[in-house]
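If you're wondering where the values come from, they're calculated on a predicted model, not measured in any experiment.
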Amino acid sequence: MGRLRELRELRNYIDGEFRDAADGRTTEVVNPATGEAYATAPLSGQADVDAAMRAAARAFPGWRDTTPAERQKALLKIADAFEERAEELIAAEVENTGKPVGLTRTEEIPPMVDQIRFFAGAARMLEGRSAGEYMEGMTSIVRREPVGVCAQVAPWNYPMMMAVWKFAPAIAAGNTVVLKPSDTTPASTVLIAEIVGAILPKGVFNVITGDRETGRLMVEHEIPAMASITGSVRAGAQVAESASKDLKRVHLELGGKAPVVVFDDLDSAAIAKAVEDISVAGFFNAGQDCTAATRVLVQESVHDEFVAALAKAAAETKTGHPDDEDVLYGPLNNPNQLKQVSGFIERLPAHAKVEAGGHQVGEKGYFYAPTVVSGLKQDDEIIQKEVFGPVITVQSFSDEAQAIEWANGVEYALASSVWTKDHGRAMRLSKALDFGCVWINTHIPLVAEMPHGGFKKSGYGKDLSAYGFDDYTRIKHVMTSLG
């Protein structure tokens with residue numbers, strides 16, 4: 001018991017106040033850089049979910065009826081508060097995830113703040129089509145309205161940023177929110193509740209912590225009109241099934257297996273630049289990114305040169321603790337994820353070759369070396385399934401048709417990239433690749449104005465952009481007689 005008292009106590013945020021779980025249950029929260037518990041968080045059950053949903057339902061009519069200008073003003077205040085309390089957010093996220101402090105400061109806080117400000121602007125663009133007469137004696141109007149209470153579940157790879165992707169468009173559109181972070185990474189979301197709760201009316205924004213069962217209870221609750229999840233394909237399928245029982249709207253951003261197609265028209269300088277960019281896009285955040293550049297297809301005439309350069313880049317890439325110098329990424333998020341990544345390497349077929357890495361780093365925490373694997377075939381497990389770790393695979397292809405066939409030949413369809421100097425080829429591939437995003441001669445940049453979301457088993461619905469904003473609205477037709 002003495003050890004438990006040393007742990008920080010995280011709490012749910014419901015109806016404008018912090019609370020423990022109704023039945024007092026908690027889970028330990030572990031820092032993945034050390035493998036040691038640093039906090040406890042409520043293991044929320046039916047009573048907690050019900051309290052949060054009812055709070056959001058009570059708050060919805062008032063928040064729905066605020067003007068777009070009022071919602072914009074509130075979101076701009078939230079963005080300012082995120083900037084003012086950036087160091088607290090960074091500290092919470094680093095403890096959550098073990099990410100490097102410097103990269104969390106430069107790569108997460110600025111886009112999060114920008115995304116909140118984008119949706120603050122979008123709040124004032126909420127409109128339907130202008131009035132018109134489409135039947136004699138009748139005028140039609142289209143109203144675009146918030147959907148209601150939104151049940152939202154965020155993942156553990158970007159707990160802080162994904163919370164923003166969830167709540168900002170929903171709040172901007174006039175909805176109210178019950179948000180659950182992953183059970184392994186609740187700390188930054190609880191801090192966000194403190195920041196946001198000081199600005200929004202009580203009940204508009206609620207945070208409950210818990211496990212997969214908590215998420216299921218949220219999705220199956222009678223109050224929410226919409227369920228939004230970022231997570232695994234398995235989790236998304238379960239949410240879609242649960243939501244189907246009462247026909248809730250569903251927004252799913254799930255796994256990825258991004259192809260990175262490199263053609264032989266690149267000269268040595270261009271190959272070197274591609275290797276540099278792809279290694280960063282593949283290893284950043286320990287490869288725990290559904291858009292990560294982890295499935296590389298290289299045209300056969302430049303394959304050997306590319307693999308040698310990529311293996312060298314991997315060997316020079318550092319993983320380590322948050323305060324270490326020159327570290328690109330920290331640990332995997334949890335012991336199960338470390339086991340999953342290690343398992344893919346342990347099960348490699350005989351024809352595969354580990355060019356770099358392929359092992360755990362250190363005995364404390366969940367660190368894994370930057371890894372490159374070549375010699376792979378299209379039907380190999382590591383090509384078909386999402387590793388979600390710092391592992392880049394390389395395949396050799398012969399021509400454009402084979403590149404397209406192999407790139408599309410997986411069940412995921414979130415992101416992809418093409419590396420070529422041939423503009424016509426780039427345009428052909430951008431059409432042929434069956435992915436929600438195609439980058440050309442780059443991989444992984446995101447901007448608030450452009451949509452993020454996939455096809456096939458990568459889910460449906462969009463995050464960011466006006467398209468993501470629209471997902472949190474519904475359309476109503478009003479027709480009036482001129483007689």
Side-chain angles (χ1 to χ4, degrees), residues 256-283 287 291-317 344-358 369-387 389-413 415-422 424-426 428-430 432-435 438-444:
K257 194 70 182 172
V260 180
V261 186
V262 181
F263 284 94
D264 64 3
D265 57 12
L266 300 183
D267 57 28
S268 292
I271 287 175
K273 181 65 167 63
V275 165
E276 179 184 352
D277 291 352
I278 290 165
S279 64
V280 171
F283 296 135
T291 64
T294 54
R295 182 168 64 104
V296 179
L297 296 89
V298 185
Q299 199 154 18
E300 53 195 9
S301 62
V302 294
H303 173 269
D304 292 351
E305 177 185 355
F306 185 93
V307 168
L310 186 62
K312 183 174 183 290
E316 294 172 352
T317 298
F344 273 101
I345 301 303
E346 291 163 4
R347 295 189 302 273
L348 283 172
H351 55 260
K353 181 183 178 183
V354 178
E355 304 278 355
T371 299
V372 176
V373 183
S374 66
L376 293 160
K377 299 178 180 178
Q378 181 66 13
D379 59 356
D380 288 337
E381 177 198 35
I382 200 169
I383 295 297
Q384 291 296 319
K385 301 299 181 183
E386 186 174 35
V387 178
V391 179
I392 297 178
T393 62
V394 187
Q395 295 167 265
S396 175
F397 70 86
S398 58
D399 56 23
E400 193 173 305
Q402 188 176 64
I404 292 168
E405 179 188 351
W406 286 358
N408 288 338
V410 294
E411 63 185 10
Y412 304 96
S416 59
S417 64
V418 181
W419 301 74
T420 179
K421 289 186 173 181
D422 184 330
R425 172 181 279 155
R428 289 193 299 275
L429 268 287
S430 68
L433 288 173
D434 189 20
F435 294 82
V438 180
W439 286 292
I440 298 172
N441 295 327
T442 188
H443 193 107
I444 229 164

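- With sequence neighbours excluded, the residues satisfying side chain to side chain donor-acceptor pair (under 3.5 Å) with Glu316 are Lys312.
- Between Asn408 and Ala432, the closest heavy-atom pair is ND2-O, 3.0 Å.
- With sequence neighbours excluded, the residues satisfying side chain to side chain donor-acceptor pair (under 3.5 Å) with Ser301 are Asp264.
- By the 4.5 Å heavy-atom criterion applied to side chains, Val418 and Asn441 are not counted as neighbours.
- With contacts defined as side-chain heavy-atom distances shorter than 4.5 Å, the pair Phe263/Asp422 does not qualify.
- Side-chain atoms of His443 and Ser417 include a donor-acceptor pair closer than 3.5 Å.
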Would Leu348 and Asp380 count as a side-chain contact (heavy atoms from CB on, under 4.5 Å) here? Give the steps. CA-CA 8 Å; Leu348 283 172; Asp380 288 337; over 6 Å; no
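- Between Val298 and Ser396 there is no side-chain heavy-atom pair separated by less than 4.5 Å.
- Gln402 contributes a side-chain N or O that, together with a main-chain N or O of Ser398, makes up a donor-acceptor pair within less than 3.5 Å.
- Rounding to the nearest 0.5 Å gives a distance of 11.0 Å between CG of Leu429 and CZ of Phe435.
- Residues Val261 and Phe397 are in side-chain contact: their nearest non-hydrogen atoms beyond the backbone lie under 4.5 Å apart.
- In this view, Glu300 satisfies the side chain to side chain donor-acceptor pair (under 3.5 Å) rule with no residue, not counting sequence neighbours.
- Here Thr317 contributes atom OG1 and Leu310 contributes atom CG; the two are 8.5 Å apart, rounded to the nearest 0.5 Å.
- Closest approach of Leu433 and Ala407 over heavy atoms only: CD2-CB, 3.5 Å.
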Given the rule in the side-chain contact (heavy atoms from CB on, under 4.5 Å) test, do Thr393 and Thr294 qualify, once you have shown the distances and angles that lead to the verdict? CA-CA 6 Å; Thr393 62; Thr294 54; 5.9 Å; no
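- Annotation: side chain of Glu411 is not in contact with side chain of Gln384 (no heavy-atom distance under 4.5 Å).
- For Asp277, the side chain to side chain donor-acceptor pair (under 3.5 Å) partners at least two apart in sequence or on another chain are Lys273.
- Checked by atom type and distance alone, the side chain of Asp267 pairs as donor or acceptor with a backbone atom of Ala269 at under 3.5 Å.
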Sequence neighbours left out, cut at 3.5 Å: what donor-acceptor pairs do the side chains of residues 370-379 make with other protein atoms?
residue, atom, partner, partner atom, Å
Thr371, OG1, Gly358, N, 2.8
Thr371, OG1, Ala369, O, 2.8
Ser374, OG, Glu355, OE2, 2.6
Gln378, OE1, Gln395, NE2, 3.0
Gln378, NE2, Trp406, O, 3.0
Gln378, NE2, Gly409, O, 3.1

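- With a 4.5 Å cut-off on side-chain heavy atoms, Val262 and Leu297 do not count as touching.
- Interatomic distance, Tyr412 OH to Arg295 CZ, rounded to the nearest 0.5 Å: 10.5 Å.
- Of the possible donor and acceptor atoms, one in the side chain of Lys257 sits under 3.5 Å from a partner among the backbone N and O of Lys385.
- Of the possible polar contacts, none joining the Thr442 side chain to the Trp439 backbone as a donor-acceptor pair under 3.5 Å is found.
- Remark: Asp265 engages Arg425 in a salt bridge (charged side-chain N to carboxylate O under 4.0 Å, His left out) (not counting sequence neighbours).
- Looking only at side-chain heavy atoms (C-beta outward), Leu266 and Trp419 come within less than 4.5 Å of each other.
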